[in-house]
Amino acid sequence: MDDLSADEIREYRGTLTKPGKNSPHRDRAVAENLDLFERMKNGEFPDGSRVLRAKIDMASPNINFRDPVMYRILHAEHPRTGDKWRIYPMYDWAHGQSDSIEGITHSICTLEFENNRPLYNWFLDQLGVYHPKQIEFARLNLTHTIMSKRKLLRLVKERHVNGWDDPRMPTLRGLRRRGYTAAAIRKFADMIGVAKANSMVDLGMLEYAIREDLNACAPRAMGVLRPLKITIENYPEGMVEEFEVPTHPQDKENREMRVVPFSREIFVEQSDFMEDAPGKFRRLTLGREVRLLGAYYVTCTDVVKDDDGNVVELRCEYDPESRGGQSPDGRKVKGTIHWVSAQHAVQAEVRLYDVLFTDENPEADGDFIENLNPNSLEVIENAMLEPGLAEARPGDHVQFMRQGYFVVDSVDSKPGKPVFNQTVSLRDSWKKMQQK
RNA sequence: UGGGGUGUGGCCAAGUGGACUAAGGCAGCGGACUUUGAAUCCGCCAUUCGGAGGUUCGAAUCCUCCCACCCCAGCCA
């Protein structure tokens with residue numbers, strides 16, 4: 001039993017390079033120790049007034065051996081024992097015993113506990129109980145995020161994110177709400193391995209794992225995130241056609257089809273039109289023919305702008321011969337874009353995500369909060385989706401073709417009114433070309 | 001500067017004396033294919049294993065010295 005204050009204990013402990021010195025209470029009689037300990041347990045003493053320490057070696061080069069504290073007084077309500085015990089054990093003292101009681105063979109933990117292993121072993125040896133083996137491995141670090149529970153807690157408490165299950169959080173709950181499947185997380189774990197070297201895994205690996213999994217199973221659909229209206233001037237007014245398109249075009253086994261309506265006015269992606277388009281741009285520009293996925297070839301004939309010069313609408317003409325997306329003359333059309341019939345589109349909220357932190361290593365210097373990416377969440381209120389998507393249920397995965405994988409949010413979706421969270425975008429080699 | 005760890009390509013990571021002129025994956029770069037600029041496919045991408053010596057017929061693997069980085073001075077875990 002030691003009556004030294006916390007400050008005194010610190011002083012007596014010495015430093016990394018200087019040995020500590022014995023506490024004046026180190027050689028108290030056993031009977032007195034027993035009595036004091038019992039009374040400490042029963043709550044006779046205030047918090048911090050004394051502690052139980054293991055008598056080991058105040059000069060040990062391993063600071064953990066300089067008479068480590070085993071129990072301290074805490075007048076706290078324990079969830080199981082209530083107020084029966086007013087003392088609580090320290091990690092090093094309790095850890096080995098709980099592992100031993102549970103019959104654990106290998107107690108896996110992170111690198112920072114390497115210094116504690118000798119003490120883990122020492123306590124178990126003194127006790128003479130079943131002795132599990134502690135093995136330390138490096139923790140997982142991912143670029144552009146943090147993994148420390150304490151730091152994650154701060155993100156939650158300071159409301160930088162919307163809770164532990166915020167889709168931007170690297171927590172299991174966050175990942176699941178983001179649309180990460182268990183299989184993808186396991187695949188990722190297999191990919192990165194386990195080792196003792198401190199390392200930082202590129203976020204790209206995680207994204208690869210989820211893309212691979214979702215590519216195989218996610219049904220495809222068309223969704224226009226930032227709509228640009230097109231009027232197909234030579235398409236009969238009031239006419240509606242229904243096209244059958246494959247839901248799993250990449251899957252040779254699964255021939256499932258779905259029906260999407262087509263009409264004179266459609267929405268396409270704003271980014272699929274460019275006024276002064278370079279030759280390599282395979283999408284819409286004045287006079288260039290593109291294929292509307294699964295529907296018709298269409299050529300832009302006119303650009304409508306508002307007073308500020310913003311493009312607000314496109315006029316096009318379609319080739320009736322190209323029904324289904326191919327023409328009898330066999331001419332090639334390089335670009336294929338997704339679309340949604342304006343009168344049939346369902347409006348939905350879509351949330352796009354970017355990395356939580358702009359720096360690869362947010363903890364590198366300064367306060368990691370400073371590195372928060374202000375644009376990690378973008379909410380699109382009025383995305384235009386193909387009508388079938390209205391029936392999507394929470395947890396459903398879908399690929400919005402040419403854009404990315406999305407999952408129906410399990411918290412904010414309402415029946416018939418799904419909210420989509422972006423799981424991960426598709427790879428985008430066009431964007432890469434542009435950046436060069 | 002006491003003690004404990006780790007160093008293999010941009011990133012992760014096998015390999016612990018001979019089949020290693022170093023596996024695999026991610027990223028990257030070429031190209032093929034394509035009704036998703038996706039996916040798929042094909043090719044390229046460390047003569048060198050933190051550095052320097054040494055042992056050996058033979059070293060990423062053994063020895064010596066050195067260097068870099070991480071962890072430990074909570075009555076936190």
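Every value quoted in this text rests on a predicted model; they were computed, and no experiment measured them. Chain identifiers are assigned alphabetically (A, B, ...) following the order of the sequence lines, protein sequences preceding nucleic acid strands; residue numbering begins at 1 within each chain.
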Anything under 3.5 Å between a protein N or O and an N or O of nucleotides 4-8 of chain B, put it in a table, one pair a line.
from: B:G5; atom 1: O2'; to: A:E114; atom 2: OE1; distance (Å): 3.1
from: B:G5; atom 1: O2'; to: A:E114; atom 2: OE2; distance (Å): 3.0

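Side chains of A:R168 and A:S376: a donor-acceptor N/O pair is present below 3.5 angstrom, by distance only. A side-chain N or O of A:E112 and one of A:T110 form a donor-acceptor pair less than 3.5 Å apart. Side-chain polar atoms of A:H144 and A:D359 form no donor-acceptor pair below 3.5 angstrom.
In this view, A:D2 and A:L4, A:I9, A:S23, A:H25, A:V51, A:R53 satisfy the side chain to side chain contact (heavy atoms under 4.5 Å, CB included) rule, not counting sequence neighbours. Partners of A:R402 by side-chain hydrogen bond (donor to acceptor under 3.5 Å, both in side chains), not counting sequence neighbours, listed by chain and number: A:D272, A:H338.
The interatomic distance linking A:K431 (NZ) with B:A38 (P) rounds to 13 Å, in whole Å.
By the 4.0 Å N-to-carboxylate-O rule, A:R315 lies too far from A:E265 to be salt-bridged with it. Taking a cutoff of 4.0 Å between a charged side-chain nitrogen and a carboxylate oxygen, A:K55 and A:D27 qualify as a salt bridge. Residues A:D319 and A:R291 are not paired through a salt bridge, judged by the lack of any N-O separation under 4.0 Å between the basic side chain and the carboxylate. Ion pairing between a basic and an acidic side chain is recognised when a charged N comes within 4.0 Å of a carboxylate O; A:E11 and A:R13 show no such pairing.
The A:I63 side chain lies nearest to B:C72 when the options are B:C12, B:U36, B:C72. Closest to the side chain of A:F113, out of B:A39, B:A13, B:A77, is B:A77. Distance from the side chain of A:T15 is smallest for B:A73 among the nucleotides B:G2, B:A73, B:A39. Candidate nucleotides B:A73, B:A77, B:A13 were compared by shortest atom distance to the side chain of A:M90, and B:A77 ranks first. Checking B:A38, B:C72, B:U36 against the side-chain heavy atoms of A:S429 singles out B:A38 as nearest. Among B:C75, B:G37, B:A77, the nucleotide with an atom closest to any side-chain atom of A:R283 is B:G37. Of the listed nucleotides (B:A77, B:G2, B:U36), B:G2 has the atom at the smallest distance from the side chain of A:L16.
On a pure distance criterion of 3.5 Å, no polar donor-acceptor pair joins the side chain of A:Q403 and the base of B:U36.
For the pair A:R139 and B:C70, the criterion of a side-chain N or O lying under 4.0 Å from OP1 or OP2 is not met. The phosphate of B:G3 has neither OP1 nor OP2 within less than 4.0 Å of any side-chain N or O from A:S60. For B:U34, the OP1/OP2 oxygens have no side-chain nitrogen or oxygen of A:T336 closer than 4.0 Å. For A:R72, a side-chain nitrogen or oxygen approaches OP1 or OP2 of B:C76 to under 4.0 Å.
Distance noted for atom C1' between B:U56 and B:C62: 9 Å (whole Å). Rounded to the nearest Å, the gap between the P atom of B:A77 and that of B:A60 is 46 Å. Distance noted for atom C1' between B:U48 and B:G5: 25 Å (whole Å). When the P atom is compared between B:U40 and B:G58, the two are found 46 Å apart, to the nearest whole Å. For the P atoms, the distance linking B:C66 with B:A73 amounts to 27 Å, nearest Å. For the C1' atoms, the distance from B:C45 to B:G2 is 45 Å, rounded to whole Å. Annotation: B:G15 and B:A27 have their C1' atoms spaced 23 Å apart (nearest Å). A distance of about 16 Å separates the C1' atoms of B:A38 and B:A32, rounded to the whole Å.
Mapping A:V194 and A:F400 onto RNA chain B by nearest heavy atom places A:V194 closer to the 5' end of the strand. Taking for each of A:R150 and A:G325 the nucleotide of RNA chain B with the nearest heavy atom, the 5'-most of the two is the partner of A:G325.
Aromatic rings from A:F37 and A:Y71 are positioned such that their centres are separated by under 6.0 Å. Taking the six-membered ring for Trp, A:F113 and A:Y120 have ring centres at least 6.0 Å apart.
Within the 4.0 angstrom heavy-atom criterion, no nucleotide atom of any strand lies near A:L142. Contacts of A:S5 with the nucleic acid, taken as non-hydrogen atoms under 4.0 Å apart, include base atoms. Across all strands, A:M200 comes closer than 4.0 Å only to sugar-phosphate atoms, never to a base (heavy-atom distances). Counting non-hydrogen atoms under 4.0 angstrom, A:I73 reaches nothing in the nucleic acid.
With its glycosidic angle more than 90° from 0, B:G30 adopts the anti conformation.
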With a 3.5 Å cut-off and sequence neighbours excluded, list the donor-acceptor pairs that the side chains of residues 201-208 of chain A form with protein atoms.
from: A:D202; atom 1: OD1; to: A:G204; atom 2: N; distance (Å): 2.7
from: A:Y208; atom 1: OH; to: A:E212; atom 2: OE2; distance (Å): 3.4

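Geometrically, A:R211 does not engage A:Y405 in a cation-pi contact, judged by NZ or CZ lying under 6.0 Å from the ring centre and within 45° of the ring axis. A cation-pi geometry, defined here as NZ or CZ lying under 6.0 Å from the six-membered ring centre and within 45° of its normal, does not hold between A:R226 and A:F267.
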Summary of protein contacts for nucleotides 25-33 of chain B, nucleotide by nucleotide, where a base hit scores B, a sugar-phosphate-only hit scores S (4.0 Å, heavy atoms): BSSSSS---
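With a cut-off of 3.5 Å on both pairing distances, the Watson-Crick and G-U wobble pairs of RNA chain B assemble into stems of 3 or more at B:2-7 with B:67-72, B:10-12 with B:24-26, B:28-32 with B:40-44, B:50-54 with B:62-66.
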